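Okay, structure first, notes after.
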Amino acid sequence: QASCCGERERVTLKAMVLAAGKGERMRPLTLNTPKPLLQAGGKTLINYHLENLSANGITDIVINHAWLGEQIELLLGNGKALGVNIVWSREGEPLETAGGIMHALPLLQKNADSASFVCVNSDIWTDYPFKKLPEVDGEEMLAWLVLGDNPDHHPEGDFMLQDGKVQEPADNQRQEPAYTFSGIAVYHPALFDGLEPGKQSIVPLLKQAMVKGKVGGERYKGQWFDIGTPERLDALEELLMER
């Protein structure tokens, strides 16, 4: 199966799980527990990702951490008990998405079959099949985003999909509906070219790449939840208990 941007055979990508946030909207639950270790359905949020990645053949995983990160590292170790190989990217202070990924790039590129890599937020829950994600080549395409249907707390969405490209909606022309960025993506290191190290969001980089037509994407209609508040964690708990 070819990648989205070339004819070479599909390779297994490395993955990065973003787990360094302080989880301030989840307080008081996150005062003594890092957000990725909050539980729903008898399992930590981050464990669901590791099991899903492993089931989809993605076993080389970099996890960044900052706030109470030693708890995450203590629980998961090198990942062998879960059938994965975990390498840790330790941040003194949370560096946000772009800063955290930049800090981890050497780990993501070491012994990698592909320059591009999967990236997933630890504070979502999803049944997305990660093996579907394509490579991006760093020239024609810098990123690939998975968009989901808009949740009640974010009805306006984030981005539009037009002819397989992700675009920022213009205020005066919404021909297409906007969808919500799921926190699941594939990035190429070239997306971060010229970026200074330090704390910064990935959103400005993605918007710049969208203007150039270099962000592809898809709409996922399966299950996806943004676990941003204690109430949403409770809702996920109810769903998983029903299952």
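Just so we're clear, the structure is a prediction, and the values are computed from it rather than from any experiment.
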Between N121 and I124 (side chain of the first, backbone of the second, donor and acceptor by atom type, cut-off under 3.5 Å), is there such a pair? no
OG1 of T12 to CG of L133: how many Å apart, nearest 0.5 Å? 12.0 Å
Could you please spell out the steps behind the side-chain contact (heavy atoms from CB on, under 4.5 Å) verdict for T180 and D149? CA-CA 6 Å; T180 296; D149 291 342; over 6 Å; no
Rounded distance (nearest 0.5 Å) linking atom CE of M26 with atom OG1 of T229: 6.5 Å
Pair H153-R232, side-chain donor/acceptor within less than 3.5 Å: yes
Roughly how far, to the nearest 0.5 Å, is CD1 of I72 from CG of N64? 8.5 Å
Side-chain donor-acceptor pair present, E73, H65, cut-off under 3.5 Å: yes
Where the side chain of Q200 meets the backbone of G198, is there a donor-acceptor pair that is under 3.5 Å apart? yes
Side chains of E218 and W144: do they bring a donor and an acceptor to under 3.5 Å? yes
Hey, is the main chain of V146 close enough, under 3.5 Å, to the side chain of S182 for a donor-acceptor pair? yes
How about S201 and E96: does a side-chain donor come under 3.5 Å of a side-chain acceptor? no
Report yes if the side chains of K35 and R27 come closer than 4.5 Å at any heavy-atom pair, otherwise no. no
May I ask you to decide if the ring planes of F225 and W125 are parallel, tilted or perpendicular, using 30° and 60° as cut-offs? tilted
Worked verdict on V87 versus I61 for side-chain contact (heavy atoms from CB on, under 4.5 Å): CA-CA 6 Å; V87 177; I61 299 168; over 6 Å; no
Separation between OG of S116 and NE2 of H188, rounded to the nearest 0.5 Å: 6.0 Å
Could you state the interatomic distance from CG (L233) to CD (E238), rounded to the nearest 0.5 Å? 11.0 Å
Working for side-chain contact (heavy atoms from CB on, under 4.5 Å), residues L145 and Y179: CA-CA 11 Å; L145 305 186; Y179 301 107; over 6 Å; no
Are V17 and V84 linked, directly or through intermediate hydrophobic residues, by side-chain heavy-atom contacts shorter than 4.5 Å (ILVMFWY only)? yes
Check G92 against A66 and note the closest heavy-atom contact, atom names and distance. O-CB, 4.3 Å
Would you call L29 and P230 a side-chain contact if the rule is heavy atoms closer than 4.5 Å? yes
Given the rule that I, L, V, M, F, W and Y join up when any side-chain heavy atoms are under 4.5 Å apart, are V203 and M210 in one cluster? no
K22 versus P94, closest heavy-atom pair with distance: CG-CG, 4.0 Å
Just by modelled atom types, is the N52 backbone N or O under 3.5 Å from a matching donor or acceptor in the N56 side chain? yes
Is the closest side-chain donor-acceptor distance between T59 and N85 under 3.5 Å? no
Checking W67 side chain against T30 main chain: does a donor-acceptor pair fall under 3.5 Å? yes
Minimum heavy-atom distance A190-G138, with the two atoms named: CB-O, 3.7 Å
Tell me if a side-chain donor or acceptor on D163 pairs with a main-chain N or O of K165 at a distance below 3.5 Å. no
Are L161 and V166 packed together at the side-chain level, in the sense that at least one heavy-atom pair is separated by less than 4.5 angstrom? yes
Can you name the nearest heavy-atom pair linking L107 to S89, along with the distance? CD1-CB, 3.9 Å
side-chain contact (heavy atoms from CB on, under 4.5 Å), that's the test. Do I63 and I46 meet it? Break it down for me. CA-CA 10 Å; I63 302 175; I46 200 166; 4.0 Å; yes
Electrostatic pair E51:K43 at N-O distance under 4.0 angstrom: yes
Using 0.5 Å steps for rounding, measure from the CE atom of M102 to the CD1 atom of I202. 11.0 Å
Applying the 4.5 Å side-chain criterion to the ILVMFWY set and letting contacts propagate, would L82 and F130 be lumped into a single cluster? yes
Between Q71 and L68, is any pair of side-chain heavy atoms under 4.5 Å apart? yes
Please tell me if the side chains of L195 and L205 come closer than 4.5 Å, counting only heavy atoms from C-beta onward. yes
Quick one: are I101 and L18 in side-chain contact, heavy atoms under 4.5 Å? yes
Is the CG atom of N32 crowded by more than 12 outside heavy atoms at less than 6.0 Å? no
Inspect the surroundings of CG in D193 and state if more than 12 heavy atoms from other residues, nucleotides or ligands are less than 6.0 Å away. yes
Okay, side chain of D60, backbone of K14: is any donor-acceptor separation there less than 3.5 Å? no
Minimal heavy-atom distance between E91 and G100, with the atoms involved, is OE2-CA, 3.2 Å
Going by the angle between their ring planes, with limits at 30° and 60°, are F159 and F181 parallel, tilted or perpendicular? tilted
Establish, from distance only, whether the side-chain atoms of D127 and Y220 form a donor-acceptor pair under 3.5 Å. yes
For residues V62 and V186: do they belong to one hydrophobic cluster (side chain heavy atoms under 4.5 Å, members Ile, Leu, Val, Met, Phe, Trp, Tyr)? no
Indicate yes or no for a side-chain donor-acceptor contact from E237 to the backbone of G41 under 3.5 Å, with no hydrogens or angles considered. yes
Heavy-atom closest pair (V136 atom, A143 atom, distance to 0.1 Å) is CG1-C, 3.9 Å
Do any N or O atoms from the side chain of Y48 and from the backbone of A40 form a donor-acceptor pair under 3.5 angstrom? yes
Count I, L, V, M, F, W, Y as connected when their side-chain heavy atoms are under 4.5 Å apart, and connections chain through other members. Are V118 and L76 then in the same cluster? yes
Would E135 and S114 count as a side chain to side chain donor-acceptor pair (under 3.5 Å) if you check the C-alpha gap in whole Å, the side-chain angles of each, and the deciding distance to 0.1 Å? CA-CA 8 Å; E135 292 182 82; S114 170; 2.7 Å; yes
Has the side chain of W88 got a donor or acceptor atom that lies under 3.5 Å from a matching backbone atom of N78? no
